[in-house]
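For reference, the structure discussed in these notes is given below.
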Amino acid sequence: MSIRTRFAPSPTGYLHVGGARTALFSWLHARKHGGRFILRIEDTDIERSSVESVNAILEGMTWLGLEYDEGPIYQTNRFDRYREVIRQLLDSGDAYRCYCTREELEQMRAAQMTRKEKPRYNGRCRTGAEPREGVQPVIRFRNPVEGAVVVDDLVRGRIVFNNCELDDLIIARSDGTPTYNLTVVVDDLDMGVTHVIRGDDHINNTPRQINILKALGAEPPHYAHVPMILGDDGKRLSKRHGAVSVMQYREDGYLPEALLNYLVRLGWSHGDRELFSVDEMIALFDIRDVNKAASTFNSEKLLWLNHQYIMNSEPEHVAHHLSYQMGKLGIDPADGPPLVEVVKAQRERTKTLVEMARNSIFFYREFDSYDEKAARRNLKPQALEPLSDMLGSFRALPSWSREAIHRVVQETAELRQLKLGKVAQPLRVAVAGGGVSPPIDTTLQLLGRERTIRRIERAIAWIEAHAGSS
RNA sequence: GCUCCCAUCGUCUAGUGGUCCAGGACGUCGCCCUCUCACGGCGAAAACAGGGGUUCGAGUCCCCUUGGGAGUACCA
């Protein structure tokens with residue numbers, strides 16, 4: 001039988017990194033085995049679900065490149081089918097109506113707690129309860145009281161739950177809408193899901209779901225419960241607790257492949273290897289190799305990985321993502337050197353695309369003022385002569401090539417008997433506005449002759465104007 | 001409280017009873033390279049939570065303790 005996996009988020013927020021990793025594992029498992037990956041939207045909680053969230057999740061999946069083969073399937077479109085299954089369970093005696101009120105249930109739980117018992121439904125309506133005036137019943141699944149449920153989890157190994165620990169869960173609310181544990185079971189069954197890969201916060205739901213499946217006469221799928229991701233503070237990373245949206249990483253200048261690579265290494269590894277292309281992940285990933293322990297999200301390592309991808313990916317690819325950041329800064333790439341060349345010049349020194357864009361603004365637009373510290377250290381009267389020398393040389397330079405520019409800078413240093421730094425650094429501040437830029441010849445070459453000359457003139461004027469005051 | 005899960009450097013991890021005085025990576029700290037910032041190179045500090053077993057031998061198997069996490073909803 002061909003493998004089918006699914007990612008089933010509830011649309012109550014954006015796609016966060018924890019969900020993204022679960023989706024990635026599920027996606028990888030399907031891709032590796034030539035199976036199919038299904039996206040299902042678990043929106044039965046109408047109160048908390050929203051179309052904005054659905055769009056945010058879809059957007060995140062698209063940006064990461066986790067394309068799905070089927071879906072998105074919305075549970076709210078399947079209510080008829082759930083009702084049908086609930087009817088079936090009712091008819092077979094595997095479910096029953098419960099007329100207990102919320103208040104009664106709360107009291108019951110409170111009493112159990114004080115007795116140090118596990119709070120659970122006591123089965124009061126289990127053996128046929130009379131309808132009560134003014135109470136719309138819920139429907140409960142009749143869980144077996146004897147025996148045990150054995151889950152052979154692909155990452156956890158064997159987990160055994162005694163049925164006597166489980167209670168009769170609600171499968172339909174008093175308004176008739178189905179609840180999570182019922183819809184999951186029905187959907188996974190109908191969609192032919194062979195491997196349920198999800199967060200380990202669902203481990204405790206698994207035996208209940210298996211029991212429902214059995215009542216329906218179905219064979220349970222394989223389960224793989226992957227550990228949670230913890231935040232920097234060691235607490236669970238979730239929507240409720242400091243989870244970070246996948247799309248935030250796009251805004252912050254990360255490449256999707258870098259995030260994917262970081263996520264796949266959280267809880268999974270392959271020897272000493274750190275870098276995996278998506279194809280390599282597909283080839284090497286095995287759900288059985290996933291760790292059991294929760295892991296902590298480490299932004300520093302993600303940053304390093306991002307830098308690796310910026311340095312080693314095709315410059316065209318990086319440039320494509322850089323253009324998004326340039327756009328946010330209001331810069332038109334047509335106003336300066338080709339983005340690809342900027343990428344090649346900047347990639348070693350910027351860890352994010354945001355940083356790269358910011359540090360490259362001066363190629364496209366005039367800067368307002370010099371970096372104060374850099375100007376104080378470099379734009380001094382002593383720099384006047386070398387700058388003037390170079391201004392003349394650059395005007396006369398037959399070809400605006402890196403080699404020629406480099407020669408000018410070097411010859412100026414020799415002529416004035418200065419170290420290269422004493423000449424290059426003032427020049428750098430003059431053209432870039434600050435003390436940091438790619439190698440000086442590359443910087444000038446990309447900037448172009450006209451801009452270079454104008455900026456040297458500006459710097460000379462600035463030095464002369466500030467000569468007295470410093 | 002109860003049920004379930006987890007436990008190797010600060011962090012991600014390798015390790016499937018001997019080859020581990022525990023390997024790699026991020027980060028940190030030195031040194032080298034250098035026109036700035038980086039990249040790169042070399043090196044250092046840094047861990048088997050604790051206690052009992054089993055075994056000729058345990059990071060690796062078992063038990064307990066401790067510490068984390070999840071669930072315990074007419075949420076998913």
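Chain letters run A, B, ... following the sequence lines, proteins first, then strands; residues in each count from 1.
Rounded to whole Å, atom C1' of B:A76 lies 13 Å from atom CG of A:D188. Rounded to whole Å, atom P of B:U72 lies 15 Å from atom CG of A:N143. Going from atom CG of A:D153 over to atom C1' of B:C4 covers 12 Å, rounded to whole Å. A:E300 places its CD atom 17 Å from the P atom of B:G10, with the value rounded to the nearest Å. Straight-line distance from the CG atom of A:D272 to the P atom of B:U13: 14 Å, rounded to whole Å. Whole-Å rounding puts the A:E274 CD to B:C26 P distance at 7 Å. Separating the CD1 atom of A:I203 from the P atom of B:G69 is a distance of 16 Å, rounded to the nearest angstrom. For the pair A:K292 NZ and B:U13 P, the interatomic distance rounds to 14 Å; values are reported in whole Å.
Between A:S269 and the phosphate of B:A25, there is no side-chain N or O to OP1/OP2 separation shorter than 4.0 Å. In this structure, A:N291 reaches the B:A14 phosphate: one of its side-chain N or O atoms is under 4.0 Å from OP1 or OP2. Between A:S295 and B:U13 there is a side-chain N or O to OP1 or OP2 distance below 4.0 Å.
Here CZ of A:R455 is found 7.5 Å from CZ of A:F362. Values are rounded to the nearest 0.5 Å.
For the residue pair A:D175 and A:T177, a side-chain donor N or O sits within less than 3.5 Å of a side-chain acceptor on the partner.
Counting atom types as modelled, A:E348 pairs no side-chain N or O with a base atom of B:G40 as donor and acceptor under 3.5 Å. With hydrogens and angles ignored, no donor-acceptor pair closer than 3.5 Å exists between the side chain of A:R156 and the base of B:C5.
Distance noted for atom C1' between B:C29 and B:U13: 22 Å (whole Å). Only the C1' atoms considered, B:U8 is 10 Å distant from B:A49, to the nearest whole Å. Taking the P atom of each, B:C21 and B:U16 are spaced 14 Å apart, rounded to whole Å. Rounded to whole Å, the separation between the P atoms of B:A70 and B:C64 comes to 23 Å. Here, B:U54 and B:C61 have their C1' atoms 8 Å apart, quoted to the whole Å. Rounded to whole Å, the separation between the C1' atoms of B:C12 and B:A73 comes to 35 Å. The gap from the P atom of B:G23 to that of B:A47 amounts to 11 Å, rounded to the nearest Å.
Using a 4.0 Å heavy-atom cutoff across all strands shown, A:R109 reaches sugar-phosphate atoms only and no base atom. If you check every strand for non-hydrogen atoms under 4.0 Å, A:P439 touches a base. Residue A:Y262 is classed as having no contact, given no heavy-atom separation below 4.0 Å to the nucleic acid. A:H202 comes within 4.0 angstrom of a nucleotide base, judged by non-hydrogen atoms across all strands. Among the protein residues, A:S437 comes within range of the nucleic acid bases, having at least one heavy atom under 4.0 Å from a base atom. Here A:P438 lies in heavy-atom contact (under 4.0 Å) with a base. The residue A:G434 sits apart from the nucleic acid: no heavy atom pair falls under 4.0 Å. As judged by a 4.0 angstrom heavy-atom cut-off over every strand, A:T177 is placed among residues making no nucleic acid contact. Residue A:I440 is in base contact, counting any heavy-atom pair closer than 4.0 Å across all strands shown.
If you check B:C21 for Watson-Crick or wobble pairing at under 3.5 angstrom, you find it has no partner at all. B:G40 and B:C32 make up a base pair, with Watson-Crick or G-U wobble contacts both under 3.5 Å. Taking a pair to require two hydrogen-bonding distances under 3.5 Å in either a Watson-Crick or a G-U wobble arrangement, B:U60 remains unpaired. Pairing of B:A76, defined by two Watson-Crick or G-U wobble distances under 3.5 Å, is not identified with any nucleotide. Judged by Watson-Crick or G-U wobble contacts below 3.5 Å, the nucleotide B:G67 has B:C6 as its partner.
Of the two residues contacting RNA chain B, namely A:R115 and A:Q308, the nearest-nucleotide position lying further toward the 5' end is that of A:R115. Of the two residues contacting RNA chain B, namely A:D441 and A:Q75, the nearest-nucleotide position lying further toward the 5' end is that of A:D441.
Checked against B:A76, B:A70, B:U36, the side chain of A:N204 finds its nearest nucleotide in B:A70. Of all nucleotides listed (B:U36, B:C12, B:A38), B:U36 comes nearest to the side chain of A:R428. Here B:A70 is the nucleotide among B:G24, B:A38, B:A70 with the atom lying nearest to any side-chain atom of A:D201. Comparing B:A76, B:G1, B:C39 by their closest approach to the side chain of A:K118 singles out B:G1. Side-chain proximity of A:K351 to B:C26, B:C39, B:A76: nearest is B:C39.
Salt bridge status for A:K373 with A:D371: absent, with no side-chain N to carboxylate O gap under 4.0 Å. The pair A:R40-A:D188 meets the salt-bridge criterion, with a side-chain N (NZ, NE, NH1 or NH2) lying under 4.0 Å from an Asp/Glu carboxylate O.
Note: A:Y262 and A:F297 have perpendicular aromatic rings, judged against thresholds of 30 and 60 degrees for the angle between ring planes. The aromatic rings of A:W268 and A:F285 are tilted relative to each other, their planes meeting at an angle between 30° and 60°.
When atom types are taken as modelled, the side chain of A:R156 and the backbone of A:K292 share a donor-acceptor pair closer than 3.5 angstrom.
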Original post:
Can you check salt bridge (charged side-chain N to carboxylate O under 4.0 Å, His left out) on A:E280 and A:R273, steps first, answer last?
Top reply: CA-CA 11 Å; A:E280 289 167 334; A:R273 225 159 139 180; 2.8 Å; yes
